[in-house]
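Both counts, for ligands and for their atoms, begin at 1 and track the order of listing. By convention here, the first residue in the shown sequence is residue 1. Remember, it's a predicted structure, so these values are computed and weren't measured experimentally.
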Amino acid sequence: MMIAGNWKMNGLSADGVNLAKEIASAVKETKRTCEFVVCPPFTLLSLVKKALRGAKVALGAQDCHTAEKGAHTGDISPVMLKDLGCEYVILGHSERRADHHETSALVKTKAESAHNAGLKTIICIGETLAQREAGKTIDVCSKQVRESLPNDAKAGNTVIAYEPVWAIGTGKTPTASEVEEVHAQVRKVLSAKLGKTEAGKMRILYGGSVKPSNAKEMLALEDVDGALIGGASLKSADFMAIADNAGCRC
Ligand code: 13P
């Protein structure tokens, strides 16, 4: 089970360090069996890395460029993220697909560069409300997985996150059977690409208004291997409660 926090564009130095320290001590205090990841904004990566010292919490970034280095003003390369101590990078989040016109083809190239730099990727997919209402959810999500998945994808370096755009930050979530339907389809697309065994091992996270109150139901579903959490990952108590409700404490 993976519990990953996407802090998005939130947090100044003091907040970020406090949040990371709270998560680090909560993870150290109690034996928890989840794989924890926190993905702060670029500006906090070094500080959070230091604050997490000694805790089994991996550091992730929220995006990277395709190139290792060069004339790309304002961008950050995967090699730089690796150098800062990142283990993961989120790619293709719907906010980046919308705000920065990122295509699945670009996400795929970024993922291959990230893997070359030694990072693992969390690749996001998900339909908009209009697409769901038009009955296109399965087609849209399948296409995004097929087109975003890097050629070197395997369970050890790639995680998929299904995040319906309309569920992000809205308090709305798909029903259990809607989540199961998409996750099963993602697994099917992965199987066709990677074979059944490798696809079976690849983690598929659910994201979109995950909270302590719905974590138990969401994370018990077939083919749901964890959560990618936005708003609720900014409060350590909520983040840890989601992990606990997912059965991560032993
Ligand atoms: P919320 O948990 O705030 O809905 O955000 C989900 C998300 O976008 C995680 O990447």
Side-chain angles (χ1 to χ4, degrees), residues 1-11 15-16 19 23 34-42 44-45 48 57-64 86-100 102 104 107 110-111 114 119-129 131-132 137 140-141 144-145 148 158-176 178-179 182-183 186 203-219 221 224-246:
M1 182 69 63
M2 174 181 275
I3 301 294
N6 175 7
W7 295 5
K8 307 193 180 184
M9 196 174 70
N10 291 294
D15 316 316
L19 179 55
I23 292 169
C34 296
E35 180 178 356
F36 286 98
V37 186
V38 292
C39 304
F42 291 130
L44 295 180
L45 287 170
V48 168
V57 181
L59 186 68
Q62 300 171 16
D63 178 48
C64 68
C86 288
E87 199 176 317
Y88 283 93
V89 60
I90 298 171
L91 293 173
H93 191 283
S94 60
E95 287 150 13
R96 292 206 61 85
R97 290 180 189 259
D99 296 352
H100 299 275
E102 292 198 1
S104 291
V107 172
K110 286 186 174 194
L119 296 169
K120 299 176 207 167
T121 51
I122 301 175
I123 297 176
C124 303
I125 58 140
E127 81 287 359
T128 62
L129 186 59
Q131 288 165 336
R132 176 160 282 275
T137 299
V140 167
C141 293
Q144 284 182 339
V145 175
S148 307
T158 307
V159 177
I160 306 290
Y162 167 52
E163 302 202 309
V165 178
W166 53 273
I168 295 176
T170 59
K172 293 182 191 146
T173 55
T175 63
E178 286 168 343
V179 173
V182 176
H183 280 237
V186 170
R203 269 93 48 96
I204 308 174
L205 313 182
Y206 169 76
S209 296
V210 177
K211 298 187 171 56
S213 57
N214 61 21
K216 194 170 183 174
E217 187 193 11
M218 287 296 185
L219 295 170
L221 299 175
V224 175
D225 306 307
L228 181 56
I229 305 149
S233 74
L234 298 172
K235 286 197 188 126
S236 59
D238 286 353
F239 188 60
M240 299 317 297
I242 290 169
D244 291 343
N245 290 348

Colleague: Less than 4.5 Å apart, side chain to side chain, heavy atoms only: is that true for F239 and V38?
Modeller: yes
Colleague: If you count the atoms of ligand 1 from 1 in the order shown, which ones are under 4.0 Å from a heavy atom of L228?
Modeller: 9 (C), 10 (O)
Colleague: Look up atom OH in Y162 and atom OG1 in T137, then write down how far apart they are to the nearest 0.5 Å.
Modeller: 5.5 Å
Colleague: Check L228, I168, V37 against N6 for a side chain to side chain contact (heavy atoms under 4.5 Å, CB included) and give me the one that passes.
Modeller: L228
Colleague: Is there a side-chain contact between I242 and L219, using heavy atoms and a 4.5 Å cut-off?
Modeller: yes
Colleague: What's the spacing between L19 CG and W7 CH2 if we round to 0.5 Å?
Modeller: 4.0 Å
Colleague: Is the shortest N/O to N/O distance between G231 and ligand 1 below 3.5 Å?
Modeller: yes
Colleague: Looking at T121, L119, I122, which one forms a side chain to side chain contact (heavy atoms under 4.5 Å, CB included) with L91?
Modeller: T121
Colleague: So which heavy atom in the protein is nearest atom 7 (C) of ligand 1, and how far is it from that ligand atom?
Modeller: E163 OE2, 3.2 Å
Colleague: Report yes if G230 has an N/O atom closer than 3.5 Å to an N/O atom of ligand 1; otherwise report no.
Modeller: yes
Colleague: Please work out whether any backbone atom (N, CA, C, O) or any side-chain heavy atom from C-beta onward of A167 is under 4.0 Å from ligand 1, and answer side chain, backbone, both or neither.
Modeller: backbone
Colleague: If you measure from each heavy atom of K211 to ligand 1, is any distance below 4.0 Å?
Modeller: no
Colleague: Below 4.0 Å, non-hydrogen atoms only: which portion of N6 touches ligand 1? Side chain, backbone, both or neither.
Modeller: side chain
Colleague: Purely on distance, is any nitrogen or oxygen of E95 under 3.5 Å from one on ligand 1?
Modeller: no
Colleague: As an exercise, identify every atom of ligand 1 less than 4.0 angstrom from a heavy atom of S209.
Modeller: 1 (P), 2 (O), 4 (O)
Colleague: Under the criterion side-chain hydrogen bond (donor to acceptor under 3.5 Å, both in side chains), I'd like the reasoning laid out for Q62 against H93: C-alpha separation, chi angles, the key distance, then a yes or no.
Modeller: CA-CA 8 Å; Q62 300 171 16; H93 191 283; over 6 Å; no
Colleague: Could you tell me the separation between the CG atom of L205 and the CD1 atom of I160, rounded to the nearest 0.5 Å?
Modeller: 9.0 Å
Colleague: Quick check on contacts: which atoms of ligand 1 are under 4.0 angstrom from a heavy atom of G169?
Modeller: 1 (P), 3 (O), 4 (O)
Colleague: Which ligand 1 atoms are under 4.0 Å away from a heavy-atom of G208?
Modeller: 4 (O), 6 (C)
